[in-house]
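To start, the structure itself, in structure tokens.
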Amino acid sequence: MGSRVRAIALVLALGLTGACASVPTGGPVLTGHALEDSDPLSDPYVRMIAKPPQPGATEKDIVEGFLRASASLDRDQAVTRKYLAGGLPRSWRPNGRVTVYDSPDDYDLRVLATKSSSAGRAATVELSAKHVADISPDGDYVATNTRTVKERFQLTNVRGQWRITGLPPDALEGLLLSRRDVTRAYRPLNLYFYDTRRQTLVPDPVMVPVQARSELATTLVRSLLRGPTAWLSPAVRTTFPSGTTLRGSAPLNGGTVTVNLGGAVAGRSSAELSMMAAQLVWTLRQLPEMRQLHLQINGTTVDVPGGSGDGGTLQRTDFSDRDPSGLQGGESQPYFIRDGRLYLLAGAKETPADGPAGSGVASLRHPAVSFDQAWAAALSDKSDRLYVAGLSDGGKLVERYRGKAVTPPSYDRYGDVWFADRRDSDSSDVYLLDRNMTRHTVTSDFLNSSDVHALRVARDGTRVAALVGEGKTSKIMIGPIIWSGGGKVQIGRMRQVGTDLAQVSDIAWRDADTLVALGQGPRGAVQPYTVPANGTQASATGYAGPEARTITAAPQSAPLLVGTGPGEIWRGAQDNNNWQRSTEGTDPAYPG
Amino acid sequence: MKAVTTARTFVRRARRAGERAARGAAGQVRGRWRRSLQLRVVTLTLVISVGVVALLGFFLMQQIATGLLSAKVKAALTEQSAGITTAQNELLDPAYVDNVATTLARRSGSAGLYDVIILRTSADAGPDAGRTTNEISPASIPHRLRAKVDASRGDKQLYTYTRLRYNDTSRTEPGLVVGAPVLGQQYQLYYLFPLTQEAETLDMVRRTLIAVGAALVLLLAGIAWLVTRQVVLPVRRAAGSAVRLSGGHLDERMPVRGEDDLAKLADSFNDMAGNLQEKIRELEELSQVQRQFVSDVSHELRTPLTTIRMAADLLYEEREGFEPTVGRSVELLQNQLERFEDLLADLLEISRYDAGAATLSAEPVDLRDVVLRAVGDAEHLAESSGTKVVLRLPGEPCVAEMDARRVERILRNLLVNAIEHGDGRDVVVTAAADRDAVAVSVRDHGIGLKPGEETLVFDRFWRADPARARKSGGTGLGLAISREDALLHGGWLQAWGRPGDGSVFRLSLPRRVSDELRGSPLPLVPPEGELRRARPGMPRVEAESERARSGG
């Protein structure tokens, strides 16, 4: 071996060792895949730490501690039970019902009476708080009229320590939580069911207690199988046969949820399974880490038609045609009124709409355009007549209703027009004009005896939102639409949403679970607000000027449009926090 | 009961068999260990390198663990410090606790780097103990850290390692907890970092180190084996050469390669072998020259001797007519000339053996006849010395292939010797035969042989006692010739003797000349000799020397 060869070998060896000992700073560009197994905590949640009763605590401390501890939503409420005595620690079983009161700083605890007897000392503590909402055992969050409630706790002094031996009925069946506790400890999620026509999925909002991501999928599927909440159930249908059970749990591993159903679901046809799968996919896609669904019946994977994955795997984006919001992507183009004519705002271009509505044959206000942009309905100048016209050349503007004070019409995705007629300050009629131009009378105990300022039907045609006047102020109510046989329509029990808002002047449906409203919040100015349909708190979205009168919205990324008194249309930009003047006109309306 | 005992026996037997096998294997291993230099070197290398690699690996692991964890600790402290800043601003209003907890938890990102726990430790906290995030359990904060944070003054971040507990599973993970008080002692902010990633990294490093260490150790063993081969092979070759050299291949040489110690060894070996070969060749030459000389001399002497003999015969016949002194001289002359002739004949005979020119004309002959003839020849001498020759011959014929003339000569020689050295006592001649061989032994009870003389007695011109007068004038070559004759037949001629007890000379011949003689029908050591063993070991020595000689 010559010395030259040896030298070369030495140099090579040094080079290699030098190269592999350090971090690379060059190299080819590679494709990356995030680790499938990682469990992304994209949505952290906070839990209260429950404190067991301290020695030497007073009666008020014990009751306060009990209330705090029950907000921790521990498994089985182990720490909360430490505040109880007598037979209560074993027998207390909250059933999921929650009585929500306002913030804990506003409640008041008073020791009512203290008695000494042979059994020891006893005391009664009274809690007065503002009751703002209830959560039913099936997760339904219902805001109630704020009223002060008084709950009485019985305490006994056991071996020098005070313990609760008697709970008020609300706390005996469920929990007493403050609104902040509910915001912290519950997540509003939707369960998806079908409307009566079984074409669109309708969200049913429920409050689900926060828990580990691994268990959330199971809780959602179980709640879905239990069926819709009592409030919405007359208006929706579930395709899961009663008696369907979830076998085991629904584990979420690496983005795939495996749902194993048993019970009456076996033996259903593929079409029915497809409907059920759509419900499952839409319900579970609220979990951001869910990417695929694996449906099994009694352990065997089923191949569901309509899925785009292979071998019985459904992707997150499947069944998008059942979108509750109705629209299937793309920006929708709004319409507005200028000089009594209907205009279409396409991007920056404003053109008069086709057909008689845009021709100015009559002076129109408060237009509504159907989902397929084939029809338009509008009110006359004096808001006493309702016109309907086709949005194509060569149609006629037909008067379909004449009343006293008609509310702006509203279309759902099936082409039905809803409107109300204010008879007087405490009675209104509600009507529905279907595709065949047949007018149906809608019965609603509540609306028929209220002053309806505006009526908007959700695009899915299952719920209707009404702006109802109440003395000097107005409130937003939502109710389910119930079709009974023979073409009879009624609106079920209505509930208020956006309870923080006063002086609401206009409402519109943005998507299936959100409304927008122009109202006055606690700070006083009239602003556009986003009002969730599940009753949780509304939030302001920018400021659209002091003259804002009407508002309209469309799903997804369409900007909010506000019509002002002096005849300007403003649009919200950048997530609707900045408002800019868009064009001249009034009464903007998105189709649908 | 029977089954139990059977089982017990079986177990015992199995255990014993196992022990035997183990001992056998151990013995084998020990044997290999002793014999193989390479094995010893390789094993030693293995053992040492295992120790070294283990030590280095342990050290390396410690360093890596420390480095990894210190990096994590630094990152953790920075993270928590940022959290403290946020918390200090926001927690001035106790109502914001939820928001602060959510904000801080959200910062850990989708990778779940840490969880946050905020403890309310102010006196007016009441039953509100604080907030945890996600599924981390407040029990994960170890007491020792809590105590230190409780006692700290508010500007220090304190951290420790512990096991993190979760609410949703019973699993615990190794983790790092960093804690600090916020706003005096109103709150305490804890960041809990699961160290699963680091644990996995360290596991992987450990596994890699073990794999690499094992590979390294094996490689080192392999290298040691290769390297020792470099040394062991030449040594083995040298040993092989030495064996071959000692086995008679005198021209065996070792190849000399290079200039190192092994080359020096090879050089010296070659020198030694060369010298040996040279010397042996010289000796062989000398011996050859000597033999040639004897043969030549004998032949040359024959011619004048014949002439002298003729003249002496003439004189002998006319000895009556001479004066008594002259007649006596003529007798003497005749006698000595006879003796001279015998000696010459024997010398010629011996030289024929040396040249390898002796021929054997063998045919089946009955040994008893030969014995009788020999005894007849020696009768005259026996009578004159008063020795009785006792014959013990078997009844059946002892037929073997032999050259009768030679065998007779052997027996005559033995008889003459026995009578000569018998001191007048009986000489016993025994013959016997077995399936493969025949034998005849001549026993005398004379002065015997001293220990060691049984082999010397067959040397040429050897005399037991040089002072002793010979009656019948032997040449000194009789036993040497007899031995050569016996060897020509492929048989044995052996002697035994004890001083004072006489001696035995035994001739054994195979039945067929080509057969290899393995044993003799007659014992060499007489039974009486066995019984009267005064010194232990002496007959044994004789028997062993007999066996040793019979091989050649």
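In the text below, chain A, chain B and the rest are named by the order of the sequence lines, each starting its count at 1.
Only the side chain of A:Arg184 comes within contact range of chain B, with heavy atoms under 4.5 Å apart. Looking at B:Ile136, only its backbone comes within 4.5 Å of chain A, counting heavy atoms on both sides. Interface remark: B:Leu119 contributes side-chain atoms only to the contact with chain A (heavy atom separation under 4.5 Å).
In this structure, A:Phe66 has its ring center at least 6.0 angstrom away from the ring center of A:Trp162.
B:Thr133 contributes a side-chain N or O that, together with a main-chain N or O of B:Val116, makes up a donor-acceptor pair within less than 3.5 Å.
In B:Tyr161, the OH atom is crowded: over 12 heavy atoms of neighbouring residues, nucleotides or ligands sit closer than 6.0 Å.
Note that CG of A:Leu127 and NZ of A:Lys60 are 11.5 Å apart. Values are rounded to the nearest 0.5 Å.
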